[in-house]
Protein chains: 2
Amino acid sequence: MTRWTTDARSRLERAAVDLYLERGYAETTVAALAERAGLTERTYFRHFPDKREVLFANEETLRAALAAAVAEAPDGDVRSLVRAGLDEVARRLQPRHAELVRRGPIVAGHPDLQERELIKLASWTTTLRDAVVARGVDEATAALAAAVGIAVLDVAARRWLAGTPDADLVAGLHDALAGAGDLLGA
Amino acid sequence: MTRWTTDARSRLERAAVDLYLERGYAETTVAALAERAGLTERTYFRHFPDKREVLFANEETLRAALAAAVAEAPDGDVRSLVRAGLDEVARRLQPRHAELVRRGPIVAGHPDLQERELIKLASWTTTLRDAVVARGVDEATAALAAAVGIAVLDVAARRWLAGTPDADLVAGLHDALAGAGDLLGA
DNA sequence: CGCACCGATGTCAGCGACTGACATCAGGGT
DNA sequence: ACCCTGATGTCAGTCGCTGACATCGGTGCG
């Protein structure tokens, strides 16, 4: 029983997706967004550092899960470490198909938002690299494996988002990894 | 003999690097940058769409060269097409080691600039993919090969920038490609 | 029970990135 | 000579974002 509703943050997230879809991202003012959530512009900026971040709030959770999965993976081989991490992310993405499909067009339509998405991906890459290094792999190998792994995950995820909601992302990821192996190894 | 010096654009580019290094990116005002170049803030924005782009002006040239290299590559195999593109970029990057090392810390210190750099990389990926598709490769394979190829190039380039100016980026790229093949194909 | 403190929010003023509209002015072509 | 073009300057305004300070219900402590 607090004075303020405790879901300010999620109200802002919903208001953002709604308004960005209704009026477009560029045409939506942070003030308008906050008002839709029953808050002030200033309060918005206490929850999110800028106008874009509201669309990427949960990515941090995925990053942590990625690191944890690598840390707890049973085997010490580079390939299986990376795969453990990627699989975990894929598993967690799977139930969010609808949400991501809804958010997709917003991001696709605005370079600013694409940039933000790309830097999240890049942070996954460094996270994955560091987690693999922590398991005893040398830096150079880890950096290469992480970069390639995340790149493949990205391709698989895009394919998955373009398909039906019940398509299996984990399976798609494995296909893509195999495909990449064919391309590079032949 | 025009009324205005024709090198306004390059003056802005030099002023930007200088000031971003002297005072820092965030602390540098576009107005100050333009003044250093003997111009007005408004004029700056007629040459570059925003405060960051001045640091990435020539990337477009590289993108075009990447597309051209793939289009003119002799062999039709996916691997050699991608490799032709990556090699061309690496070759053109080689002489720019000093410049890139100088620009590196600026970009590294500011997420905004990293984002811009990442979206340039992403545009290389789609360019490469489209160029490979134009050579008759199916879309899915091309997308995967382009994503992995650019990711490997990125890793190789970072390694190269961390080393001595005379290190061979093309050779480093080939090493990285081989390394990625080992990782995925084993 | 009262009170002092805390934490989420509101208010206000201000900076800087970016844009649209209009003015200026040398050079080039007619 | 004259008009037109293109790069620039000037001005006003919007919006993202921030620091400083005020507000006020809840919480815990005496």
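To find a chain, count down the sequence lines: A is the first, B the second, and so on, and within it residues start at 1.
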Looking only at N and O atoms, is any donor in the side chain of Arg46(B) or the base of dG6(D) less than 3.5 Å from an acceptor on the other one?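 Answer no: no donor N or O sits under 3.5 Å from an acceptor.
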
Answer with base, sugar-phosphate or nothing: what part of the nucleic acid does Thr40(B) contact at a heavy-atom distance below 4.0 Å?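 Thr40(B): base contact, heavy atoms under 4.0 Å.
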
At 4.0 Å (heavy atoms only), tell me whether Ala31(A) reaches a base, stays on the sugar-phosphate, or touches nothing.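 Nothing, no heavy atom under 4.0 Å.
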
Distance-only side-chain donor-acceptor flag, [X] / [Y], under 3.5 Å:
| X | Y | answer |
| --- | --- | --- |
| Thr127(B) | Asp130(B) | no |
| His97(A) | Asp166(A) | no |
| Asn58(B) | Thr61(B) | no |

If you measure from the Lys or Arg side-chain nitrogens to the Asp or Glu carboxylate oxygens, is any gap between Glu115(A) and Arg52(B) under 4.0 Å?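 Yes, Glu115(A) and Arg52(B) are salt-bridged.
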
Rounded interatomic separation in angstrom, taking [atom1] from [X] and [atom2] from [N]:
| X | N | atom1 | atom2 | value |
| --- | --- | --- | --- | --- |
| Asp50(A) | dT18(D) | CG | P | 8 Å |
| Arg9(B) | dT8(D) | CZ | P | 11 Å |
| Asp112(B) | dC17(D) | CG | C1' | 12 Å |
| Phe45(B) | dC11(D) | CZ | C1' | 16 Å |
| Leu39(A) | dG7(C) | CG | P | 19 Å |
| Lys51(B) | dT19(C) | NZ | P | 15 Å |
| Glu27(A) | dG16(D) | CD | P | 11 Å |
| His110(B) | dA17(C) | NE2 | P | 13 Å |

side-chain N/O His47(B) vs dT8(D) OP1/OP2, d < 4.0 Å: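 For dT8(D), OP1/OP2 do have a side-chain N/O of His47(B) under 4.0 Å.
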
Inter-axis angle, terminal five-pair segments of the helix from dC1(C)-dG30(D) to dT30(C)-dA1(D) [nearest 10°]: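 Computed angle between terminal axes is 0°.
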
Nonpolar side-chain network containing Phe56(A), other nodes, edges under 4.5 Å: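 So far as hydrophobic clustering goes, Phe56(A) is joined with Leu12(A), Val17(A), Leu19(A), Tyr20(A), Leu21(A), Tyr25(A), Val30(A), Leu33(A), Leu39(A), Tyr44(A), Phe45(A), Phe48(A), Val54(A), Leu55(A), Ile106(A), Val107(A), Leu113(A).
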
Contact summary for Ile119(A) and Pro111(B), nearest pair of heavy atoms: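 Answer, listing the atom of Ile119(A) first, then Pro111(B): CD1-O, 3.7 Å.
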
Comparing Arg42(A) and Thr28(A) on DNA chain D - which has the more 5′ nearest nucleotide: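 Comparing both residues, the 5'-ward one is Thr28(A).
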
Which nucleotide sits closest to the side chain of Thr43(B): dT9(C), dT8(D), dG16(D)?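 The closest nucleotide is dT8(D).
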
Which nucleotide in dT18(D), dG16(C), dG10(C) has an atom nearest any side-chain atom of Thr29(B):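 Nearest to the side-chain atoms of Thr29(B), counting from C-beta on, is dG16(C).
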
Can you tell me which residue pairs pass the salt bridge (charged side-chain N to carboxylate O under 4.0 Å, His left out) test with a partner in residues 38-50 of chain B, sequence neighbours excluded?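 Residue pairs with at least one partner in residues 38-50 of chain B: Asp50(B)-Arg116(B).
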
